[in-house]
Amino acid sequence: MTTLRKIGEFGLIDRLKRFQNLSPQVIRGIGDDAAVLPLDRTRYQLFTTDMLTEGVHFLCATPARQVGWKALAVNVSDIAAMGGAPGCAVVSLGIPRGLSLRYIEGIYEGLNQCARKFGVSLVGGDTVRSREFIINIALLGTVEKEYLVLRSGAKAGDVIFVTGALGRSFKSGRHLTFTPRLKEAHWLVRNVKPSAMIDISDGLSGDLGHILKASRTGALLDEALIPRQKGADLRSAMNEGEDFELLFTVSSKDVQRLIKGGKFFPIGVIAHADQGFCIQKKDGTIVRVAPKAFSHF
Ligand code: ADP
Ligand code: MG
């Protein structure tokens with residue numbers, strides 16, 4: 001019998017695709033960091049949502065302000081990963097009985113801080129009672145048509161980059177205070193135009209896995225090149241997630257320019273699909289990567 005546990009979060013999302021009922025106007029539905037919708041002659045509308053729940057994405061002792069910041073920052077990160085700029089957001093809260101007013105205002109202080117930094121207007125939401133504290137945000141954005149970057153554009157021979165060091169995000173608390181890479185994405189789409197891009201929420205192996213699946217390619221990573229946070233081992237950098245760095249691919253002609261700037265780190269190359277997803281270890285051996293994305297089930 002097929003169970004949620006067996007197919008996992010991404011197996012479930014794949015199965016849900018057949019219920020999409022997409023109007024022909026929709027440019028991209030399920031399957032990227034945000035949906036892509038028509039807007040005007042030169043721009044697309046982007047639409048994304050992310051939900052945080054107590055115990056999974058933050059602990060009940062986490063300062064409310066940080067939970068608020070994170071709840072909006074994860075959505076901004078998804079808009080950045082499409083090459084766009086964030087606009088208006090709605091915020092829905094599930095509030096357990098007895099939660100203090102101070103806590104909820106703290107959430108909104110964090111939301112407001114993030115909103116001001118990234119030019120987001122908080123324009124509405126919904127409030128209900130729930131067992132645990134839940135916060136869901138839906139965020140609109142816009143992107144110039146020529147700057148839209150999907151997960152599906154990587155080509156064999158492209159070089160894979162990340163915007164920063166990976167690993168130990170949860171343990172270090174970085175997942176609560178990170179800066180979404182909006183500035184970097186803005187620069188990238190105007191200067192090198194990545195062939196594919198995603199933000200690392202589920203972990204490098206899982207999120208590169210998403211690019212490879214969408215682009216129908218393979219990849220060869222170089223262990224020695226993967227930038228890691230202090231104290232993070234390879235497993236943590238590959239699989240733990242919540243880094244919210246951008247992972248993107250560019251054609252080989254742009255590589256030197258990106259490396260020279262010192263802000264982007266090459267970690268491997270895109271290969272043909274039949275070569276699969278592999279990593280060259282520090283001792284020179286090449287082994288297959290089994291993507292181990294964080295899955296909620
Ligand atoms: P991200 O980590 O970038 O926020 P997710 O892994 O949450 O992306 O989602 C991957 C894709 O699946 C996105 O296009 C998202 O909109 C879609 N998706 C996730 N959950 C659902 C759901 N319950 N129903 C429909 N689409 C979903
Ligand atoms: Mg994403």
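Counting starts at 1 for both ligands and their atoms, following the listed order.
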More than 12 heavy atoms from other groups under 6.0 Å of NZ on Lys145: yes
Shortest non-hydrogen contact between Ala196 and Arg151, atoms and distance: CB-O, 3.7 Å
Residue pair Phe161, Phe264: steps toward the ring pair (Phe, Tyr, Trp, His ring centres under 6.0 Å) verdict: CA-CA 6 Å; Phe161 277 81; Phe264 303 107; 7.1 Å; no
Under 3.5 Å donor-acceptor, [X] side chain and [Y] backbone:
X: Gln20; Y: Ile30; value: yes
X: Asp158; Y: Ser252; value: no
X: Lys155; Y: Ser251; value: no
X: Arg15; Y: Ile7; value: no

Criterion salt bridge (Lys or Arg N to Asp or Glu O under 4.0 Å) on Asp40 and Arg43, from CA distance to verdict: CA-CA 5 Å; Asp40 60 25; Arg43 296 174 307 164; 2.7 Å; yes
Distance (rounded to the nearest 0.5 Å) between Ile267 CD1 and Leu166 CG: 7.0 Å
N or O pair under 3.5 Å between Asp33 and ligand 1: yes
Non-hydrogen protein atom less than 4.0 angstrom from atom 16 (O) of ligand 1: no
Distance flag for atom 4 (O) of ligand 1, protein heavy atom under 4.0 Å: yes
Among all protein heavy atoms, pick out the one at the shortest distance from [atom]; state its residue, atom name and that distance to 0.1 Å.
atom: atom 2 (O) of ligand 1; value: Ser201 OG, 2.9 Å
atom: atom 25 (C) of ligand 1; value: Ile30 CD1, 3.5 Å
atom: atom 22 (C) of ligand 1; value: Leu16 CD1, 3.9 Å
atom: atom 6 (O) of ligand 1; value: Phe10 CE2, 3.4 Å
atom: atom 13 (C) of ligand 1; value: Asp32 O, 3.1 Å
atom: atom 7 (O) of ligand 1; value: Glu9 OE2, 4.4 Å
atom: atom 27 (C) of ligand 1; value: Ile13 CG2, 4.3 Å
atom: atom 8 (O) of ligand 1; value: Arg151 NH2, 3.9 Å

Asp50: numbered ligand 1 atoms lying under 4.0 Å from its heavy atoms: 4 (O)
Atom indices of ligand 1, in the order listed, that fall short of 4.0 Å to a heavy atom of Gly31: 11 (C), 13 (C), 14 (O)
Angle, OD1 of Asp33 through the Mg ion (ligand 2) to OD1 of Asp78 - 10° precision: 100°
Closest approach to the Mg ion (ligand 2) by Asp199, given as the N, O or S atom name: OD1
Evaluation steps, side chain to side chain contact (heavy atoms under 4.5 Å, CB included), between Glu223 and Arg228: CA-CA 10 Å; Glu223 177 184 0; Arg228 289 192 233 147; 3.8 Å; yes
